[in-house]
Q: 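Next up is a structure, given as structure tokens.
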Amino acid sequence: MTPSEITLLMQKMGKLAKDSATILGYAKSEDKALALSVAAESIQDNKTKIIEANLIDIEFSINKSQPDSLIDRLRLNDDRIKAMAESLKVISSQSDPVGRVLSEWSMPSGINIKRIKTPLGVIGVIFESRPNVTADAGALCLKSGNSVILRCGSDSFNSSVAIHSCLVDGLRA
């Protein structure tokens with residue numbers, strides 16, 4: 001890709017994320033919980049596909065002579081995938097932070113002031129070698145009503161794409 005193509009791609013991605021943030025900021029708690037529950041099920045249902053994608057990433061990292069510690073962080077197996085799905089279920093069951101009143105007080109003038117939790121909007125997350133961050137960061141951002149742009153390293157690209165497709169299944173639900 002040329003620098004101008006990358007710029008256009010990033011602008012498009014940013015616009016889509018901003019548009020999504022407007023929708024997610026007002027999403028119902030039960031809709032976010034459903035999306036996360038379906039995503040967790042999709043991760044479990046697509047375990048084989050995720051592991052196959054992960055094997056491509058591991059081979060790529062081995063061919064690049066990456067250290068064993070990086071490859072271990074990259075590696076997904078049945079237990080790690082189960083833990084990823086369980087993490088989404090836990091996040092799904094937590095109370096919705098959006099709209100929670102943090103504090104409230106009245107001014108001498110009679111004006112009542114409240115500090116209320118609200119979504120930030122668009123969050124960017126850059127990570128390497130831990131494809132489970134795709135699920136964790138995506139789930140936490142969704143639960144808090146935020147859109148997220150996830151940027152994995154080249155070493156976890158295929159695994160992250162497979163996990164992302166499971167998150168998309170949840171959003172479609």
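Each residue takes its place number in the sequence, starting with 1.
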Q: Any chance you could measure Ile51, atom CD1, to Arg75, atom CZ, to the nearest 0.5 Å?
A: 11.0 Å
Q: Given 3.5 Å as the limit, does a donor-acceptor pair link the side chain of Ser156 with the main chain of Cys152, or not?
A: no
Q: Examine the side chains of Ser129 and Asp155 and answer whether a donor and an acceptor come within less than 3.5 Å of each other.
A: yes
Q: Let me check something: any side-chain donor-acceptor pairs from residues 164-173 under 3.5 Å, sequence neighbours excluded? List them with distances.
A:
| from | atom 1 | to | atom 2 | distance (Å) |
| --- | --- | --- | --- | --- |
| Ser165 | OG | Lys49 | NZ | 3.4 |
| Ser165 | OG | Ala162 | O | 2.7 |
| Asp169 | OD2 | Ser42 | OG | 2.6 |

Q: Linking I/L/V/M/F/W/Y whenever any side-chain heavy atoms sit under 4.5 Å apart, do Leu88 and Val133 land together?
A: no
Q: Does Glu59 CD have over 12 foreign heavy atoms under 6.0 Å away?
A: no
Q: Does a side-chain heavy-atom distance below 4.5 Å link Lys89 with Ser93?
A: no
Q: Write down the atom of Leu70, the atom of Ser61, and the distance for their closest heavy-atom approach.
A: CD2-OG, 4.0 Å
Q: Once you round to the nearest 0.5 Å, how far does OG1 of Thr134 lie from CD1 of Ile50?
A: 10.0 Å
Q: Look at Arg80 together with Asp72 and state whether they make a salt bridge at an N to O cut-off of under 4.0 Å.
A: yes
Q: Would you say Glu5's side chain and Thr2's backbone share a donor-acceptor pair under 3.5 angstrom?
A: yes
Q: Between Lys32 and Asp96, is there a salt bridge with N-O shorter than 4.0 Å?
A: yes
Q: Is it true that, when you exclude Ile126 itself, more than 12 heavy atoms of the residues, nucleotides or ligands shown sit nearer than 6.0 Å to its CD1?
A: no
Q: Mark yes or no for whether Asn54, through its side chain, and Asn77, through its backbone, hold a donor-acceptor pair below 3.5 Å.
A: no
Q: Go through the structure and list residues passing side chain to side chain contact (heavy atoms under 4.5 Å, CB included) with Ser154, not counting sequence neighbours.
A: Phe60, Lys64
Q: Minimum heavy-atom separation for Gly145 to Val98, with atom names?
A: N-CG2, 4.2 Å
Q: Going hydrophobic residue to hydrophobic residue with side-chain gaps under 4.5 angstrom, can you get from Met1 over to Met10?
A: yes
Q: Can you list everything that forms a salt bridge (Lys or Arg N to Asp or Glu O under 4.0 Å) with Asp68? Sequence neighbours excluded, please.
A: none
Q: Would you please say whether a donor-acceptor pair under 3.5 Å links the side chains of Asp57 and Ser159?
A: yes
Q: Distance check, rounded to the nearest 0.5 Å: Ile58 atom CD1 versus Leu76 atom CG?
A: 7.0 Å
Q: Determine, using the 4.5 Å side-chain heavy-atom cutoff (strictly less than), whether Leu34 and Val90 are members of one ILVMFWY cluster.
A: no
Q: Which side-chain hydrogen bond (donor to acceptor under 3.5 Å, both in side chains) pairs, counting each pair once, include a residue from residues 12-23, with sequence neighbours left out?
A: Lys15-Asp19
Q: Return the minimal non-hydrogen interatomic distance between Ala85 and Gln44, and the atom names on each side.
A: CB-CG, 3.7 Å
Q: Would you check if Ile43 and Ile81 make a side-chain contact, meaning some heavy-atom pair closer than 4.5 Å?
A: yes
Q: Who pairs with Ile149 by side chain to side chain contact (heavy atoms under 4.5 Å, CB included), at least two apart in sequence or on another chain?
A: Met13, Ala17, Val122
Q: Do Ile56 and Ile62 land in one hydrophobic cluster if side-chain heavy atoms of ILVMFWY residues count as linked below 4.5 Å?
A: no
Q: Does Phe127 have more than 12 heavy atoms from other residues, nucleotides or ligands lying within 6.0 Å of its CZ?
A: yes
Q: To the nearest 0.5 Å, tell me how far Asn146 CG sits from Leu24 CG.
A: 8.0 Å
Q: With a 4.5 Å limit on heavy-atom distance, are the side chains of Lys47 and Asp78 in contact?
A: yes
Q: Using 0.5 Å steps for rounding, measure from the CG atom of Leu150 to the CD1 atom of Ile163.
A: 10.5 Å
Q: Looking at side-chain heavy atoms only, is the closest gap between Leu140 and Ile91 below 4.5 Å?
A: yes
Q: Test of understanding: clusters of I, L, V, M, F, W, Y form through side-chain heavy atoms closer than 4.5 Å, transitively. Do Met84 and Val38 belong to the same one?
A: no
Q: Please, which pairs that meet side-chain hydrogen bond (donor to acceptor under 3.5 Å, both in side chains) have at least one residue in residues 113-128, sequence neighbours excluded?
A: none
Q: Which atom names give the shortest non-hydrogen contact between Ser92 and Ala33, and what distance separates them?
A: OG-O, 2.9 Å
